[in-house]
Each structure stands twice: as C-alpha cells, then as structure tokens.
A.B. asks: 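Pasting a structure here, questions to come.
Naming: A, B, ... by sequence-line order, numbering from 1 per chain.
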There are 2 protein chains.
Amino acid sequence: MLSTEEILEAMSEQGLRITDQRKTLAKLFGENTGYLSAKDVYKHMERKYSGLSFDTVYRNLRVMEELGVLEQIVFEDGIKFKASCSQDHHHHHMICLQCQKTYPISFCPMNMTDTPDQFRVVKHKFEVFGYCRECEESGAEDKAARGEEAK
Amino acid sequence: MLSTEEILEAMSEQGLRITDQRKTLAKLFGENTGYLSAKDVYKHMERKYSGLSFDTVYRNLRVMEELGVLEQIVFEDGIKFKASCSQDHHHHHMICLQCQKTYPISFCPMNMTDTPDQFRVVKHKFEVFGYCRECEESGAEDKAARGEEAK
DNA sequence: GTTAGTGCAAACGATTTGCACTCTC
DNA sequence: GAGAGTGCAAATCGTTTGCACTAAC
C-alpha cells in the first residue's frame, strides 16, 4: 500500500499543490489500511480544521482517486476509499466488516473459472468479508450487527 | 429465477395487495434476466401509468426486495434489481456490462480460498463482468464505452 | 368498510457547482 | 503574482416521508 510520502510525492509530481489539508489526508490514508467513507474522512479532519467544509473533502478525495493514489469501492452503505495498493500484482481482498481493514488474498479465482465462449470477460470482483482477529476479540460483531453492512 | 406468477404468488401470500402496477412490476422482472435501476423501472412503467410517481416505484421495489422476490446489488452507478434466483443452490454470476443480463456460474472460489485462521469469513462476493454474445455481436462495447460501469 | 397502495409535495442526505477569497508555488 | 485550493451557499440528484385520496380485499 502507498505510504504517506508516496501519496504526497505522486500528488506533487502531478502538479497538485501540497496544502496542509492534503498532508493530513495523505497521512490519514498512508497510515490506515481500512476503507473510509467521505464522512469518516470529514470527521477525522474537522478536529484539526475548524471551518472545514464537506465539499473540499469530496473534492480532494475525487482528485486523489482520479490521480490513482486512492482507490474506492462501493459498499452497501456507500463509497469508501483507501490508499492504492502498490500495484505489484493482481490480487483480491478480505475486508473486515467492523474496522474495514483489508488483507490481501493472492489467489485469483478467474484462472479456474470456466468462462463460456459466448461471454467475453472484461473484469471481475472477488471480495471476502468477515471479521479480523482484533475485531473478533473485542466482540466487534455485536457492534456491527446493527450496522448496514451485515444485511 | 422467479417467474411472474411466482413473484405475484409470493406477494399475495404475504398479504400484499396485487395492484395493477404490481402486476406490471412482476411481469417486468419475471421476464427480464437483467438488472434494472429504479430509474429503468420508472421509465418502463410510466408509459403505461401516466401519473406515475417515483416514490411508488421506490416503495414497491423496496417492499419486493424485503419480501425476497427481488434481489439488489450495488453497481458503481447505483443500486439495481432483478428477480431473485430460485435459491436452489449457492452460485455466482457473470453480468453483461451492456444489457445487465446475468448468467450463473456454479463454481464458487471460496472452497479453494486459503482463509487464514485470524479471519472469520462471513460472506463473499464473486462477480464476473463482460459482454454476452448478443451484445458483443451488436457492437455493444462502443455504446457501453461511454457509460459509467466500465470505468 | 377497512386498510394498504398511490400521487403529490416536501423533506432529506449525499454529492456537486459557482463564486469570491486565500494560499502554495 | 498567477492559478490552484478553499469555504460558503446554493443547486442537484437519488431516495424517503407525511398526508389526503383511491382502490383491493
């Protein structure tokens, strides 16, 4: 996964200005392996920036996603972001339903999937959801049970 | 996949009233193997019902989803619905990026996925996207290229 | 006749846009 | 100093809700 520095470097290389807010964003994603919603990010940021507005958060998330330093996936309860995986090789993820952290799976089922000739495959999605050790131990499921994700 | 009659039957059994609109909905989903967005459904329905309102469409889609006759999945460009698969057995889907029709895949990669003990698996998602024969032949990709789904 | 279903308007939440001000480069 | 970045307010989009009316049972 991209580090804080790599994120900032990539942004700077693309001609983006490194503002204080963007440094904080880079740090947030560089140190966090989980998925964060726009609201999560806003809540994290507003502590530091009193007059923070939602649109700036959205703008920066979008810019960073378009630049490729962030990747987003669509959950049942909305779009979430995390730092891009260093794109060494194709892989999939296990995603914790509680903390949203991701763990790589190197196995890719496409190799063994029997795709009929009538269908030209373009892309695929393989995601495993569950609870990671830490969340399991802290009784995470109880808290998650009322969440949307489990539905 | 559930037929028009099975959908209506299930709704009636649950005490829902079978209105004319709901018959049309059941027919739409019973005869259509692809995913439809709320807007798609609205557009289909409004031809027949002049004063149709969006909220009724939403209400019915939600009711039918909660009842289990429809299933929804979240695409990049929003939530879409289709008739539930007769739940014979666990399976996955290939989904055409053009017409949104689905084709079953019986192979399930979970059996062969190496899940570490530290992670308790709850559910998984395996979806293959591409173009089906008919769409391929009608040069579908050109049209789809400007769509969101391909992004 | 009762109660669920419907249309309408209005509310709502998430996201986007236009504009003037501010800061990085 | 120029132009990107920001905050603010307002617009937009998709979806939901409250209410009075209509129709299915």
A.B. asks: Just jot down the ring pair (Phe, Tyr, Trp, His ring centres under 6.0 Å) partners of F126(A), sequence neighbours excluded, or say none.
C.D. replies: H92(A), F126(B)
A.B. asks: Is there a donor-acceptor contact under 3.5 Å from the side chain of R22(A) to the main chain of R17(A)?
C.D. replies: yes
A.B. asks: Please confirm whether the backbone N or O of D55(A) pairs with a side-chain atom of Y42(A), one donor and one acceptor, at under 3.5 Å?
C.D. replies: no
A.B. asks: Can a donor-acceptor pair be found, under 3.5 Å and without considering hydrogens, that links the side chain of E6(B) to the backbone of S3(B)?
C.D. replies: yes
A.B. asks: With a 4.0 Å heavy-atom cut-off, tell me which residues in residues 40-56 of chain B come close to DNA chain D, sorted by residue number.
C.D. replies: D55(B)
A.B. asks: Answer yes or no: is there a donor N or O on one side and an acceptor on the other, between the side chain of S84(B) and the main chain of G68(B), under 3.5 Å?
C.D. replies: yes
A.B. asks: Between H91(B) and C85(B), which heavy-atom pair has the shortest distance, and what is it?
C.D. replies: NE2-SG, 3.5 Å
A.B. asks: Quick one: side chain to side chain donor-acceptor pair (under 3.5 Å) partners of Y58(A), sequence neighbours excluded?
C.D. replies: none
A.B. asks: Nearest whole Å is fine: how far is dT16(C) C1' from K39(A) NZ?
C.D. replies: 17 Å
A.B. asks: Quick one: how far along DNA chain D does chain B reach, first to last nucleotide 5' to 3', anything under 4.0 Å to a heavy atom?
C.D. replies: dG14(D) to dC25(D)
A.B. asks: What residues form a side chain to side chain donor-acceptor pair (under 3.5 Å) with N32(A), not counting sequence neighbours?
C.D. replies: none
A.B. asks: Kindly write out the residues that satisfy salt bridge (charged side-chain N to carboxylate O under 4.0 Å, His left out) with E71(A), not counting sequence neighbours, or none if the list is empty.
C.D. replies: K82(A)
A.B. asks: Between atom CD in Q21(A) and atom P in dT24(C), what is the gap in whole Å?
C.D. replies: 11 Å
A.B. asks: Test of understanding: with side chain to side chain donor-acceptor pair (under 3.5 Å), list the residues that count as partners of D20(A), not counting sequence neighbours.
C.D. replies: Y49(A)
A.B. asks: Return the CG to NZ distance between L25(B) and K23(B), rounded to the nearest 0.5 Å.
C.D. replies: 12.5 Å
A.B. asks: Of the non-hydrogen atoms in M64(B) and I7(B), which two are nearest, and what is the gap between them?
C.D. replies: CE-CG2, 3.8 Å
A.B. asks: Taking OP1 and OP2 of dA4(C), is either one under 4.0 Å from a side-chain nitrogen or oxygen of T19(B)?
C.D. replies: no
A.B. asks: Answer with yes or no whether the side chains of Q72(B) and K80(B) bring together a donor and an acceptor at under 3.5 Å.
C.D. replies: no
A.B. asks: Whether the side chain of S12(A) engages the backbone of L8(A) through a donor-acceptor N/O pair (distance < 3.5 Å, no angle test) should be reported.
C.D. replies: no
A.B. asks: So for the helix from dG1(C)-dC25(D) to dC25(C)-dG1(D), with five pairs setting each end axis, what is the inter-axis angle to 10°?
C.D. replies: 30°
A.B. asks: What pairs meet the ring-ring contact (aromatic ring centres under 6.0 Å, His included) rule with one or both residues in residues 9-32 of chain A, with sequence neighbours excluded?
C.D. replies: none
A.B. asks: Using a strict heavy-atom distance below 4.0 Å, which residues from residues 6-18 of chain A are in contact with DNA chain D?
C.D. replies: L16(A), R17(A)
A.B. asks: Find the distance M64(B):CE to dG5(C):C1' and express it as a whole number of Å.
C.D. replies: 14 Å
A.B. asks: Identify, with sequence neighbours excluded, every residue that meets salt bridge (charged side-chain N to carboxylate O under 4.0 Å, His left out) alongside K43(A).
C.D. replies: none
A.B. asks: In whole angstroms, how far is the P atom of dG5(C) from the CZ atom of R62(B)?
C.D. replies: 13 Å
A.B. asks: Name the nucleic acid region contacted by R59(A), choosing base, sugar-phosphate or nothing; use a 4.0 angstrom heavy-atom cut-off, strictly under.
C.D. replies: base
A.B. asks: Reckon D20(A) touches a base, only the sugar-phosphate, or nothing at all at heavy-atom distances under 4.0 Å?
C.D. replies: nothing
A.B. asks: Hey, can you pull the residues of residues 24-32 of chain A with a non-hydrogen atom under 4.0 angstrom from DNA chain D?
C.D. replies: none
